[in-house]
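Values in this document were obtained by computation on a predicted structure and should not be read as measured data.
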2 protein chains.
Amino acid sequence: MASDALNERKRIILRAVTDDYISSAEPVGSRTIARKYNLGLSPATIRNEMADLEEEGYLQQPHTSAGRIPSDQGYRYYVDSLLAHKTLSPQDLIEIHREMERRQLGMEELLQQAGKILAQLTRYPAMISTPQQQKVSFRHVQLVPLNEKNVMVVVITDTGMVENQILPTEVEWTYDELDRISKWINHRLRGITLEELTGKRWNEIRLDIEIEDHNFHHALGILLDALANSRRDRVYLDGAANILEQPEFREVERFKPLMGLFETEDVLRKLLKPNDKGVTIRIGYENEQEAIKECSVVTANYRIGDNAVGVVGVLGPTRMDYGKILAIVEYMSKYLGKLLTDVGNK
Amino acid sequence: MASDALNERKRIILRAVTDDYISSAEPVGSRTIARKYNLGLSPATIRNEMADLEEEGYLQQPHTSAGRIPSDQGYRYYVDSLLAHKTLSPQDLIEIHREMERRQLGMEELLQQAGKILAQLTRYPAMISTPQQQKVSFRHVQLVPLNEKNVMVVVITDTGMVENQILPTEVEWTYDELDRISKWINHRLRGITLEELTGKRWNEIRLDIEIEDHNFHHALGILLDALANSRRDRVYLDGAANILEQPEFREVERFKPLMGLFETEDVLRKLLKPNDKGVTIRIGYENEQEAIKECSVVTANYRIGDNAVGVVGVLGPTRMDYGKILAIVEYMSKYLGKLLTDVGNK
DNA sequence: ATTAGCACTCAACACCAACGAGTGCTAATC
DNA sequence: GATTAGCACTCGTTGGTGTTGAGTGCTAAT
């Protein structure tokens, strides 16, 4: 609050308190600061400064005779103004590259693998959303008969993603008829984006289809609906168990809401909304979801070519090593984007 | 141990103790039994019988002055010889049918939905494995160019399952060439099972391919390897958070191993091995996995036509309501099999 | 064979004192 | 005027103690 003009000494103390609390998970007192970080100040002075910092909302006290811990506002200041930019250690880099390029991985596998590495490196749960498909275009569509009343539609996109849907129809189709239609659709749709397809362009195509094959017209309408509503946007979660190592979740009661969140893909997807900044840190109360009001989420967009945007992220207690996590998440998002661009693009 | 010839009174008492413990999660004493279940016996008599039951291994005492709880052996006897066969309530049946048939679901979605319902109804974590594909046959194969060095292979099976793999190749393929080859492969492979394909039949086909297209011969070998090693066999897990409601997991430490297990699909798959009996109950130490030595797993096969066999299952503390869980799991396996047979088969 | 009676065990709970980390304030010091 | 030493005070944590009560095993009476 107030003005964010903390004088240098306050900044140093706030950083010291935060660093210490991040690594110890215990409220930190003036003595500790004076001893561990030799600031050339006595505990008493530090106490006074800490009292000020508390008044201004950067620190808080769990109870009267305890040390201080950073408030959400404190973390925010720490992240915005005090954080030293860390870079990944060479071992970590090697580790990442080796694990990601071990064998030829498909898109889904690559995302999963990235999540696994992210979880391993950060020791927190990691999440990765599949790229938003709005700008993604068709590469191939294939219709296959399934039974009297249903046709299976398989769609392969630009980015190497494979989706399938069951499509109810009114008449029974033979394999060859559907193959012919697939051919035609491919010819007509290849390179068109999903966005265009649900938009005005659909009307033109719709007419063509009606001419081309009357029977299929209705069914294809359903296909597009289905594609629009389909759960194409997935989220992969890895290392959820990691969070249990954090002392803030020693009580099952604290963990339950999180577990609920982990199980609801919709909610995870909301956490991983792409946004215009490269990297985003949401701290405690800055998160919408009640379940993670005491957690922080670090996310970064990744880009496949310039078509699709997905998000990688890590979740931990607000008391997280922001410097380290930031570096890892940022690097992974860039690297993953690069790999996926190579795989998917022509 | 000994002979499993418990006299009627011991059986009654063992059942009473087990029932009571299942619903209360507290060690149960002789007084409680005498009061709640009017067996016409005094606490003292019951005490004597319980002491015997303990000696024979059916009951155990957490500590000297506590009541008794069933041992794994006790649960085993209970399940084998004391369990009254429950059937599902009409509401549950209606619930299941409504939720499963709400809209046209694909195979994966149907499995996920079944898992969700199972978790809801049992209030335990539910797991469902995708059907083993050995006896499953190709319905359609499609090759699509991805970039200079890679081709994407999409395989649709008999049972409506869609799998995709990236296939590295040496030359660059055009869309039309690949389509021609797809056609040929389809013509050649349709209806052949994966099993046959990795077996002797492969050699015949291999020759044909060599003749048909020399360039593609090598690549297709890789495809088959890939298919053989691919993670086609998935496990869907739902309601993992449910287990946290159980008092035996109030301590995070108790829950950690389970959480690890939930995150390792390989292990879950091992839990869901199809077997010749319809329904299987594994109690406590009967489970191989260290993490669930204090849990029981109830599984049942489901069948798609007579091609493929998958497994549905539920995991809970050994103190679970076996009667209820058994009924639910059994019903769901049958019903799911029926639905999937309808969807997948011609 | 059953059961009433009784002494005994032991986890759980409440209570209490001692401890110590940490604070805020005041007065002395630089 | 800023810094710091000193000190009284707060409050969660730890460990010891006594009480309670559910439950047992054994013995003797029914």
Side-chain angles (χ1 to χ4, degrees), chain A residues 6-14 16-21 23-71 74 247-248 250-251 254, chain B residues 6-14 16-21 23-71 74 247-248 250-251 254:
Chain A
L6 292 182
N7 64 40
E8 193 53 24
R9 197 165 73 183
K10 284 212 175 63
R11 288 165 52 87
I12 290 174
I13 290 175
L14 179 54
V17 172
T18 309
D19 283 340
D20 206 76
Y21 183 61
S23 69
S24 75
E26 297 290 333
V28 20
S30 53
R31 263 189 83 83
T32 316
I33 300 283
R35 220 183 321 113
K36 279 210 231 172
Y37 308 77
N38 28 10
L39 312 180
L41 294 171
S42 77
T45 310
I46 294 172
R47 270 205 293 284
N48 288 328
E49 295 289 35
M50 295 206 310
D52 287 0
L53 282 168
E54 181 171 0
E55 196 148 327
E56 293 169 65
Y58 296 98
L59 293 180
Q60 56 193 40
Q61 238 178 339
H63 56 87
T64 322
S65 70
R68 302 304 208 292
I69 66 178
S71 65
E248 20 276 278
R250 220 168 313 157
E251 303 288 327
R254 301 233 150 238
Chain B
L6 293 182
N7 65 39
E8 193 52 24
R9 197 165 73 184
K10 284 211 175 62
R11 286 164 54 87
I12 290 174
I13 291 175
L14 179 54
V17 171
T18 310
D19 282 341
D20 205 78
Y21 184 61
S23 69
S24 75
E26 296 291 332
V28 17
S30 52
R31 262 189 86 83
T32 317
I33 300 284
R35 218 181 324 111
K36 278 210 233 173
Y37 308 76
N38 28 10
L39 312 180
L41 294 171
S42 75
T45 311
I46 294 171
R47 269 206 293 286
N48 288 327
E49 295 289 35
M50 294 206 312
D52 287 359
L53 282 168
E54 181 171 1
E55 196 149 326
E56 294 169 65
Y58 296 98
L59 293 180
Q60 56 192 41
Q61 239 179 336
H63 57 86
T64 321
S65 69
R68 301 304 208 294
I69 65 177
S71 64
E248 21 276 277
R250 219 168 313 157
E251 303 289 327
R254 300 231 151 241

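Residue order along DNA chain C, read from the 5' end via each residue's closest nucleotide, puts B:P43 first among B:P43 and A:N48. Each of A:A51 and B:E49 was assigned the nucleotide of DNA chain C with the nearest heavy atom; the assignment lying further toward the 5' end belongs to B:E49.
A:E56 contributes atom CD, which lies 10.0 Å from atom CG of A:L14 (distance to the nearest 0.5 angstrom). Atom CG of residue A:L6 and atom OH of residue A:Y58 lie 4.5 Å apart, to the nearest 0.5 angstrom. For the atom pair CG (A:L53) and CZ (A:R11), the distance works out to 11.5 Å, reported to the nearest 0.5 Å.
Protein chain B contacts DNA chain C over a range whose 5' and 3' limits, counting nucleotides with an atom under 4.0 angstrom from a non-hydrogen atom, are C:dT2 to C:dA11.
Nucleotide D:dA28 forms a Watson-Crick or G-U wobble pair with C:dT3, both donor-acceptor distances falling under 3.5 Å. Pair assignment for D:dG12 gives C:dC19, based on Watson-Crick or G-U wobble hydrogen-bonding distances that are each under 3.5 Å.
A side-chain N or O of A:D20 and one of A:Y37 form a donor-acceptor pair less than 3.5 Å apart.
Scanning all heavy atoms of the two residues, the minimum distance from B:L41 to B:A34 falls at O-CB, 3.9 Å. Nearest approach of B:K10 to B:N7, heavy atoms of both residues: N-OD1, 2.7 Å. Of all heavy-atom pairs spanning B:L59 and B:P70, the tightest one is CD2-CA, 3.8 Å.
In this structure, B:M50 atom CE and D:dA22 atom C1' are separated by 12 Å, rounded to whole Å. In this structure, CD1 of A:I46 is placed 18 Å from P of D:dA2, rounded to the nearest angstrom.
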Below 3.5 Å between N/O atoms, which protein atoms pair up with nucleotides 10-13 of chain D? Just atom names and distances, please.
residue	atom	partner	partner atom	Å
D:dT10	O2	A:S65	OG	3.0
D:dC11	OP1	A:T64	OG1	3.1
D:dC11	O4'	A:S65	OG	3.1
D:dC11	O2	A:S65	OG	3.3

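In this structure, the side chain of A:E251 does not engage the main chain of A:R254 through any donor-acceptor pair within 3.5 Å.
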